[in-house]
Structures are given as C-alpha cells and as structure tokens.
Amino acid sequence: AHAGMVLFAILISGSFPIGAYISNDIDPIALTFIRFLLASVLLAIFLWRKNMFQREYFKRPWRYFLLGGSFSFYFIFMFEALKTASPISTSSIFTLMPFLAVCLDRAFFGLKTKANIVFYLLVGSAGALVIIFQGSLANLMYLNLSYGEFVFFLGTLSHVSYAVFMPKLRSGEPAIFVTFAVMASASILILLIFPNRIVQTDWAGLGWDMYLCIAYLAIFASIFSFTLLTFASSHLASGQLTAYTFSTPFWVTVFQVAVFGQALLTYLIVGGLMIFFSLVMLLWRAQPRAEPKQQTV
C-alpha cells in the first residue's frame, strides 16, 4: 500500500505540468471526458479478457456515480485552474488533502485523530500556504489567491471526498474493477451534463502532442493512479493515505526545475521542508486502517 502511494504521487505529479501545457488548447470538460472514456474502454477490454465482470460487482451502482462525480469534478477544476495558476502552486494546494480528509472523517463518520497527527498535518498545511502565498505574509492576510488557485481548492475538496468515501462504499470488489466503474460512470455523467462542450471540441484539429498528453492522463494519471488509490484506501487510514500527497510539490518542482529551468526560490525551499517533515512524521506515527472485526453468526 505504501509503495503504491509513492507511485501514485509520482504519476499524479506528472499531470500538473502536462495539464498546464494543454489546458489552454482544449476545453477542461472535454479533456476530462476523453481521458475517462479512453481509460474506461481500455479497462473494459482488460476486464472482459480476464472474465472479471461479475454480476455482484454491479450492485448499488449509485456508488460508482457518486465517486465518479467527485473525481470528474476534481479534474475539471484542475484543468480550469491550470489555465492561470502555476503547477507548483496547485500541487501545493493538493497537499491540503490530508487535513481536509481528517476533517471529513470527523464530520461524517465521527473518527477521531490523535493530537500529534493533527499537529503534523497543520505543519504540512502551513508549508503549503508558504508556497501558495509565495512566502508573503501580506498575501496571506489579504487572501491574495488567484482565480486558478481558488478553483483548484474547490477541486481538492472534491478529491478528498473520493478518498474518504471510497473505503465506505466499496464492498470487496477488485480495485481495478472499481477504477473502471468509477471512470465509466464519470464519463456518462459528463456526457449527460455537458454534451455541447464535448461535441463542439475540434478533436481532429488537436496535434499529436495533445493526444500523447491525453494518453498519459488516461493511462498513467487515471487507470494506474485510480487503481493504486483504491487498493491503498483499504489498507491505510485517510490521513495516512493522503499524506503521500505532501510529496507532489517536490516531484512537480523537480520537473519544473529540470525541464523548464525554473529558479528554486527561497519560499519553495522553506515550504518544501515543512511539507517533507510532515510527510515523514505522518508515515511514522499514523496507524493503518483497522481491519473489520470477525462476527459470529
């Protein structure tokens, strides 16, 4: 589960610079639809060949639409945000997930979190704020957030709801089937709600580089990341699960510095060290998700 979440963080990190590269050339809703549709088709072929379409897996289908809706809105907000916000600032907002997950667990399921875990989450969140507000106290006091950063925060809330509710709604289905069902449901929802945005997109006019980016988003940042998150959510607590999101600014910064030559500014280093401290302490102190007790009938 831990190794899977490390890979999850790396794959998700790649979607930030790629999303920034193509976000101004394709509608965010159309982009989210096509990546989910492509991923759903590829997974459907794999599951059919492996004979993994079992009738009992389709019970309570509303679960998949609920989860698919939350994840689709996250990606729509993400691509909309990357039109104006930088990949590093949005990936830093993404690190607020653990603290938000603990809050949702407490609000909906009454799950309590130890005081030291809350402290580590607050330190990590503070590090994210240092990066988001560029180390400026004035920016923080006046909540000087760009439009893109505010939109991505709303998307992060949607992503948190997926991580929190997934283990509650899953009933023993294989992780890869849940991934297929969630993405297929998301594709259907987007098509029903935004048909005009999809039809009006000039699909034939997109360059080959756009389709390569879409392929990465569909295969690596969708199929693999969804499956890893679904698998790990059954073994790790929400706070511990989402703690790995603290490493996303690191991977995004490495990509930005190595590929695009971005300067490594002081506030990035300070915020990054705070986030790294939180990640290490959370993984050291957090407890795994409790296994359900055996009941005698």
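Just so you know, these numbers come straight off a predicted model, no measurement behind them. All residue numbers refer to positions in the sequence shown, counting from 1.
- The line from CZ of Phe36 to CG of Leu31 is 9.5 Å long, rounded to the nearest 0.5 Å.
- Contact annotation: the side chain of Phe53 approaches that of Phe180 to within less than 4.5 Å [non-hydrogen atoms, C-beta and beyond].
- Other residues, nucleotides and ligands contribute over 12 non-hydrogen atoms within 6.0 Å of the OH atom of Tyr216.
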| message | One pair to check against side chain to side chain donor-acceptor pair (under 3.5 Å): Ser70 and Ser158. What are the steps and the verdict? | response | CA-CA 5 Å; Ser70 65; Ser158 183; 4.8 Å; no

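- Here the side chain of Thr227 pairs no donor or acceptor atom with the backbone of Ala175 at under 3.5 angstrom.
- In plain terms, the two heavy atoms of Met5 and Leu228 that are nearest each other are SD-O, 4.4 Å.
- The local environment of CZ in Arg49 is sparse, with at most 12 non-hydrogen atoms from other residues, nucleotides or ligands closer than 6.0 Å.
- For the pair Ser23 and Phe79, the tightest heavy-atom approach, listed with the atom from each and the gap, is CB-O, 3.4 Å.
- Close placement of the Phe75 and Phe71 rings is indicated, their centers lying within 6.0 Å of each other.
- The shortest distance between side-chain heavy atoms of Asp27 and Phe33 does not fall below 4.5 Å.
- Phe224 places none of its side-chain heavy atoms less than 4.5 Å from the side chain of Leu7.
- The distance from atom CG of Leu217 to atom OG of Ser15, rounded to the nearest 0.5 Å, is 6.5 Å.
- To the nearest 0.5 Å, atom NZ of residue Lys83 and atom CG of residue Asp25 are 10.0 Å apart.
- With rounding to the nearest 0.5 angstrom, the CD1 atom of Ile223 is 10.0 Å from the CZ atom of Arg35.
- Taking every heavy atom of both residues into account, Ser278 and Gly124 meet most closely at OG-N, 2.6 Å.
- Salt-bridge check for Glu173 with Arg63: passed, with a basic side-chain N closer than 4.0 Å to an acidic carboxylate O.
- Proximity of a side-chain donor or acceptor of Ser89 to a complementary backbone N or O of Ala85 within less than 3.5 Å is not detected.
- The closest donor-acceptor contact from the side chain of Ser222 to the backbone of Ile219 lies at 3.5 Å or more, if one exists at all.
- Considering CD1 of Ile12 and OG of Ser225, their distance stands at 4.0 Å, rounded to 0.5 Å.
- For CZ of Phe277, the number of neighbouring non-hydrogen atoms (other residues, nucleotides, ligands) closer than 6.0 Å is greater than 12.
- Judged by distance alone, the side chain of Thr201 and the main-chain N or O of Arg197 form a donor-acceptor pair under 3.5 Å.
- Trp203 places a side-chain N or O within donor-acceptor distance of the main-chain N or O of Ile198, the cut-off being under 3.5 Å.
- Between Ile190 and Ser72, the shortest heavy-atom distance links the atoms CD1-CB, 3.8 Å.
- Taking the six-membered ring where the residue is Trp, Phe58 and Phe177 present perpendicular rings, their angle passing 60° and hence far from 30°.
- No continuous path of ILVMFWY side-chain contacts below 4.5 Å connects Tyr57 to Phe65, so the two sit in separate hydrophobic clusters.
- Inter-residue side-chain proximity for Phe152 and Tyr74 is flagged as met; some heavy-atom pair is nearer than 4.5 Å.
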